[in-house]
Amino acid sequence: MNGVTVNGLDSTTGTQIQLLGTNISMIVDVSVKNPNSASFRYSNTTTDIYYKGTVVGEARGPPGKARAHRTVRMNMTVDIMIGRFLMDPSLAREVSGSGLLNVWSYTRVGGKVKILGIVKKHVTVKMNCTMAVNITRQAIQDTECKKDIDL
């Protein structure tokens, strides 16, 4: 995850989060990095965003291809279910205190690697990331990711 832009928030003033509507979306700039010598053709990607163990956002990414030793960047729109955030009574206190919202994401990318142009191997990459969304600056910070690869 390279960056995030939040749409649907007007501003933060003191302890109040000003909402432009009932929907908030995040445009997330993500990269698929392929450090291998073989190309990786991947299918649709899925990402879920969690806040305190509850799914609060969902995104789908398009299929594509990451050539050998290359990185592919794409933008994904994450639709945020604001009602699930608002169910937490400590949300306003968390955001007003630091301006940060701590979330984590789970991304799954399935695809195939073609080795020597002959052998096709199915690969699934799973990524868990924790991050703080800075509401005021509309940026992510303190991102930490762990990946798991199933062959």
Side-chain angles (χ1 to χ4, degrees), residues 1-36 39-66 70-113 120-151:
M1 190 173 297
N2 305 310
V4 64
T5 303
V6 181
N7 296 321
L9 285 181
D10 183 22
S11 64
T12 56
T13 309
T15 60
Q16 297 295 317
I17 301 172
Q18 304 298 320
L19 300 175
L20 294 176
T22 56
N23 295 324
I24 294 178
S25 64
M26 297 187 325
I27 307 299
V28 182
D29 175 15
V30 295
S31 293
V32 177
K33 183 178 182 179
N34 183 5
N36 301 303
S39 64
F40 176 56
R41 186 174 300 276
Y42 53 92
S43 58
N44 293 334
T45 61
T46 58
T47 299
D48 291 323
I49 307 292
Y50 294 84
Y51 176 69
K52 296 185 178 178
T54 301
V55 175
V56 295
E58 297 176 339
R60 303 285 180 257
K65 180 179 180 180
R70 298 276 198 285
T71 299
V72 176
R73 288 180 78 162
M74 71 177 106
N75 287 330
M76 295 172 58
T77 301
V78 182
D79 296 318
I80 302 298
M81 296 167 252
I82 193 66
R84 293 186 182 178
F85 271 111
L86 297 177
M87 290 188 322
D88 188 310
S90 64
L91 174 69
R93 184 175 58 250
E94 181 177 349
V95 173
S96 66
S98 63
L100 301 176
L101 191 60
N102 295 307
V103 297
W104 66 276
S105 67
Y106 173 75
T107 302
R108 183 180 180 281
V109 180
K112 292 184 181 178
V113 174
K120 291 182 182 178
K121 183 78 173 163
H122 187 272
V123 177
T124 302
V125 179
K126 301 171 191 170
M127 183 81 68
N128 285 304
C129 297
T130 60
M131 68 203 80
V133 178
N134 187 318
I135 301 296
T136 306
R137 291 182 30 228
Q138 295 192 16
I140 55 171
Q141 57 193 61
D142 303 327
T143 304
E144 204 172 298
C145 295
K146 295 178 182 169
K147 69 179 171 183
D148 181 35
I149 300 173
D150 295 334
L151 301 174

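We're numbering straight along the sequence, starting at 1.
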Quick check for you: to the nearest 0.5 Å, what is the distance between [X] atom [atom1] and [Y] atom [atom2]?
{"X": "Tyr51", "Y": "Ile80", "atom1": "OH", "atom2": "CD1", "value": "12.5 Å"}
{"X": "Met74", "Y": "Asp29", "atom1": "CE", "atom2": "CG", "value": "10.0 Å"}
{"X": "Arg41", "Y": "Asn34", "atom1": "CZ", "atom2": "CG", "value": "12.0 Å"}
{"X": "Ile149", "Y": "Met127", "atom1": "CD1", "atom2": "CE", "value": "8.0 Å"}
{"X": "Leu100", "Y": "Asp142", "atom1": "CG", "atom2": "CG", "value": "7.5 Å"}

Ignoring hydrogens, what is the shortest heavy-atom contact between [X] and [Y]? Give both atom names and the distance.
{"X": "Met76", "Y": "Gly61", "answer": "CE-N, 3.7 Å"}
{"X": "Lys126", "Y": "Tyr106", "answer": "CD-OH, 3.4 Å"}
{"X": "Ala132", "Y": "Asn102", "answer": "CB-OD1, 3.5 Å"}
{"X": "Pro63", "Y": "Asn44", "answer": "CD-OD1, 3.0 Å"}

Flag side-chain contact, heavy atom, 4.5 Å: [X] against [Y]:
{"X": "Arg84", "Y": "Val56", "answer": "yes"}
{"X": "Met81", "Y": "Val55", "answer": "yes"}
{"X": "Tyr42", "Y": "Val72", "answer": "yes"}
{"X": "Asp48", "Y": "Thr46", "answer": "no"}
{"X": "Val103", "Y": "Met131", "answer": "yes"}

> So Thr77 and Asn75, side-chain contact (heavy atoms from CB on, under 4.5 Å) or not? Walk me through it.
Replying inline: CA-CA 7 Å; Thr77 301; Asn75 287 330; over 6 Å; no

Heavy atoms from other residues, nucleotides or ligands near [atom1] of [X] exceed 12 (cutoff 6.0 Å):
{"X": "Arg70", "atom1": "CZ", "value": "no"}
{"X": "Gln141", "atom1": "CD", "value": "yes"}
{"X": "Lys52", "atom1": "NZ", "value": "yes"}

> When you look at Thr107 and Val125, which way does the side-chain contact (heavy atoms from CB on, under 4.5 Å) test go after all the steps?
Replying inline: CA-CA 8 Å; Thr107 302; Val125 179; over 6 Å; no

>> When you measure from the side chain of Ser43 to the backbone of Gly110, do you find a donor-acceptor pair of N or O atoms at a distance under 3.5 Å?
In response: yes

>> List the residues meeting salt bridge (Lys or Arg N to Asp or Glu O under 4.0 Å) with Asp148, not counting sequence neighbours, and say none if there are none.
In response: none

